[in-house]
J.: 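Sharing a structure, written as structure tokens. Questions coming.
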Amino acid sequence: MHSRLATLGLLTLTLTACGDVARLPVSAGTGPDPVLPAPSETLFPTVNIAPAQRWPTGEKPKAAPGTEVVAFADGLDHPRWLYVLPNGDVLVAETNRPPKEAGA
């Protein structure tokens, strides 16, 4: 019984720590005098990962002045890791994750 209560308590604590959201607008944290929130200690950090999206056909991201954006590979289903060899060759490792279901 004691281990069940401990497990339930740990699960509750874990789920409570997962709901952290930003309380300041992005504009408050930018510029010469940013306003930063006080640090908060949690058991597990909040991590929001942006979904990967393909470039629209015929378009590419806007590059910073003096730089250029060039696609050097296409047709990759699930690229995961990139490694540049000393001679400039680029190795790409893909995952074998099954495709997402429609509407997922």
Side-chain angles (χ1 to χ4, degrees):
M1 179 69 172
H2 185 267
S3 65
R4 285 182 126 175
L5 288 176
T7 302
L8 181 59
L10 182 60
L11 179 61
T12 303
L13 177 64
T14 301
L15 292 177
T16 303
C18 292
D20 196 17
V21 295
R23 291 177 179 81
L24 294 173
V26 172
S27 59
T30 58
D33 191 24
V35 176
L36 301 176
S40 63
E41 293 186 26
T42 60
L43 186 59
F44 296 103
T46 300
V47 178
N48 296 318
I49 300 173
Q53 297 180 348
R54 295 185 185 274
W55 299 347
T57 303
E59 296 184 29
K60 58 185 173 181
K62 183 177 178 184
T67 65
E68 180 182 9
V69 176
V70 178
F72 62 88
D74 61 7
L76 302 171
D77 290 327
H78 305 286
R80 180 75 175 177
W81 296 99
L82 295 175
Y83 186 75
V84 181
L85 297 175
N87 68 355
D89 288 351
V90 178
L91 305 178
V92 180
E94 293 186 272
T95 67
N96 61 354
R97 182 182 70 84
K100 289 184 178 181
E101 294 180 18

J.: Got a sec: does the CG of D74 have more than 12 other heavy atoms crowding it under 6.0 Å?
T.: no
J.: Any chain of hydrophobic side-chain contacts (each under 4.5 Å) joining V35 to V26?
T.: no
J.: What are the two closest non-hydrogen atoms of L24 and L36, and how far apart are they?
T.: CD1-C, 4.4 Å
J.: Tell me the closest heavy-atom pair linking P79 and V92, and the distance in Å.
T.: CB-CG1, 3.9 Å
J.: Grab the two heavy atoms, one from Y83 and one from L85, that are nearest each other, plus how far apart they are.
T.: CE2-CD2, 3.5 Å
J.: Please find the pair of heavy atoms, one from V69 and one from A63, that lie closest to each other, and give the distance.
T.: CG2-CB, 3.7 Å
J.: Considering non-hydrogen atoms only, spot the tightest contact between W55 and V70 and give its length.
T.: CH2-C, 4.2 Å
J.: Looking at D33, I'd like to know if its CG atom is crowded, meaning that more than 12 non-hydrogen atoms belonging to other residues, nucleotides or ligands lie closer than 6.0 Å.
T.: no
J.: Give the cluster check for V84 versus W81: same hydrophobic cluster or not, with ILVMFWY residues linked at side-chain heavy-atom distances below 4.5 Å.
T.: no
J.: For residues P34 and G31, report the shortest heavy-atom separation together with the two atoms involved.
T.: CD-O, 3.5 Å
